[in-house]
Protein chains: 2
Amino acid sequence: MLHSANGTSAATAPRASTLVGDGAPSNDADRLYWEIFDAVIDQRLLPGVKLTEAVLCDAFQCSRSSARSALAQLAHDKIVDIQPNRGAFVAKPDEKETRDVFEARRMVEAAILDKLLALPDLAARLPPMRRMVADERAAFERGDRVSWIRLSNAFHVQLARLADNEVLTELMHGLCSRTSLIIALYDVPGRSACSFDEHEAILTRLEAGDRAGAAAAMHHHLEDCERRMKVEAPGRLDPWTVFNLKR
Amino acid sequence: MLHSANGTSAATAPRASTLVGDGAPSNDADRLYWEIFDAVIDQRLLPGVKLTEAVLCDAFQCSRSSARSALAQLAHDKIVDIQPNRGAFVAKPDEKETRDVFEARRMVEAAILDKLLALPDLAARLPPMRRMVADERAAFERGDRVSWIRLSNAFHVQLARLADNEVLTELMHGLCSRTSLIIALYDVPGRSACSFDEHEAILTRLEAGDRAGAAAAMHHHLEDCERRMKVEAPGRLDPWTVFNLKR
DNA sequence: TCAACACAAATTGTCGACAATTTTAAATCG
DNA sequence: CGATTTAAAATTGTCGACAATTTGTGTTGA
């Protein structure tokens, strides 16, 4: 109902990483924002691809104002790179940005775990996380890469939400989006580890109240993910990939 | 040269908290974004004030598109609150948001200090910070509240920049802006502590390589600042304050 | 053959007009 | 007199037109 017309596997997965009440975006700009955002996260839109306003308008039946508004917001989130008078492109994070994003994640997520462990009712909040990871595993096993990526991100965002801090939640949301972009650029699909195993490890340590263990598990998880990005070829995917957002 | 026309004390203070190269914003939208942003940070625009598009256009000689674009960006940064079909208002962070912002800051800034202390050449990077704090003290002593607030924010952003992580720097930039908003709402001017003293304390611990001391000083600084916000009256300032951005 | 130039096509930046909605004010009714 | 309804004014949302800039193509000249 949200995405007007698509019969792809993506339709089966609920959008889990959204912050605000997104029940049917009210205006075209918001609709487009999420449409493009999702497409980037799902890697249907690859880094470097040009997002021509007219094409967007045509594909999503909206006016240029709406398209421009959406692109501006995406640019603010570093999902899209707007070059004045040249147009908007899906952002292409470089090595330095990759390091910075992962470093920031290690810092913030370690702090989140700390806060979670200080909560008196932590145990009661964890079961839904378990179910989430189970969904993640299921998606992976049935080869539903799109749902898997979403749920994998959602795990981290949900962890932040559990800590009952909206600022942190939004922050993680942004960091996770940028991570998806990085993965789209640098990750080799075949070598990708099974994130859900590591997610489960984190949950297990949390349930046990094992502060050091949880921190180590998270640190390992993030470093593991970052290490996979070390692939030398920076231009592994051709930037001329067809703009096939809405085929 | 940057702010076209104003003879106020604000003109004397360089804008220190900006991230990207802001040498004369290229378009009207950006110009307006920073103009309003600065006005909010400097507390010339108070929380709750309505930002009518037409008034903005008139005041800054620009078209409505530019004004709308600027407002949209500000809304994305939580500096402005856009209510559909009703207009844009300077954001009014509530108690929960205040808690969340300060908690996030404690987490992130503690991590930043940790990273700084791990740098081999930290000592060489600190002298400029000292000068910054000196400027801060000078601004306070000559009663230049505007410059003081700016420099106080800049201190924290600069600390992040010293850690050589752009993601963290932007993050702190956003958190500091929101903090300014909170201060504008809840702080009692008379009771405001001398932040530069606490800033100096942090620097001293950093120079000594005193990890625990630096962390404690930062924690104290932030908690001290948050505590000042505990004033009961949430509507201390009338939201009908004249919209005197450009008198 | 290659470089520099000039022109045409495509794309982005900017703006004002019109429609939809909300707010304000006036008028009406109990 | 106060509450409700109605109309007018003000404000925001949306859109397409035009100007400015860039990109692509073809031509010229060394």
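Computed from a predicted model, the values in this text were never measured in an experiment. Values reported hereafter were calculated over all heavy atoms of this structure, with side chains retained and with hydrogens, waters and symmetry mates removed. Each chain gets a letter, A, B and so on, in the order its sequence line appears, and its residues count up from 1.
Distance check, rounded to the nearest 0.5 Å: CZ of A/Phe102 to CD of A/Glu109 gives 10.0 Å. For the atom pair A/His76 NE2 and B/His76 NE2, the distance stands at 8.0 Å (nearest 0.5 Å).
Taking atom CG of residue B/Leu32 and atom C1' of nucleotide C/dG13, one finds them 16 Å apart after rounding to whole Å. If you measure from atom CZ of A/Arg31 to atom C1' of D/dT14, you get 14 Å, rounded to the nearest angstrom. One interatomic measurement links the two molecules: CG of A/Asn85 to P of D/dT22, which rounds to 5 Å at whole-angstrom precision. D/dG13 atom P lies 11 Å from atom CD of B/Gln83, rounded to whole Å. Rounded to an integer number of Å, the gap from CG of A/Asn27 to C1' of D/dC15 is 14 Å. Here C/dA20 presents its P atom at 15 Å from CG of A/Asp28, a figure rounded to the nearest Å. Per the geometry, CD belonging to A/Glu53 stands 14 Å off P belonging to D/dT23, to the nearest Å. Rounded to an integer number of Å, the gap from CG of B/Asp30 to P of C/dG13 is 11 Å.
Taking every heavy atom of residues 62-71 of chain A and every atom of DNA chain D, pairs under 4.0 Å involve A/Ser63, A/Arg64, A/Ser65, A/Ser66, by number.
For D/dT23, one of the phosphate oxygens OP1 or OP2 lies less than 4.0 angstrom from a side-chain nitrogen or oxygen of A/Arg86.
No side-chain donor from either of B/Tyr33 and B/Asn27 sits under 3.5 Å from a side-chain acceptor of the other. A donor-acceptor pair shorter than 3.5 Å can be found between the side chains of B/Ser195 and B/Glu136. A donor-acceptor contact closer than 3.5 angstrom links the side chains of B/Ser180 and B/Asn153.
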Show the distances under 3.5 angstrom between N or O atoms of the protein and N or O atoms of nucleotides 7-9 of chain C.
none

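In this structure, B/Asp38 pairs ionically with B/Arg150, as a charged nitrogen and a carboxylate oxygen lie closer than 4.0 Å.
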For this session: Check the pair A/Arg161, A/Glu166 against salt bridge (charged side-chain N to carboxylate O under 4.0 Å, His left out), reporting the backbone distance first and the verdict last.
Result: CA-CA 7 Å; A/Arg161 189 168 293 141; A/Glu166 275 188 54; over 6 Å; no
For this session: Could you please spell out the steps behind the side chain to side chain contact (heavy atoms under 4.5 Å, CB included) verdict for B/Leu51 and B/Leu74?
Result: CA-CA 11 Å; B/Leu51 299 170; B/Leu74 288 162; 5.5 Å; no
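The B/Lys50 side chain lies nearest to D/dT11 when the options are D/dT11, C/dT14, C/dT12.
Of the residues listed (A/Arg99, A/Glu97, A/Glu103, A/Lys96), the one engaging B/Asn165 in a side-chain hydrogen bond (donor to acceptor under 3.5 Å, both in side chains) is A/Glu103, and it is the only one.
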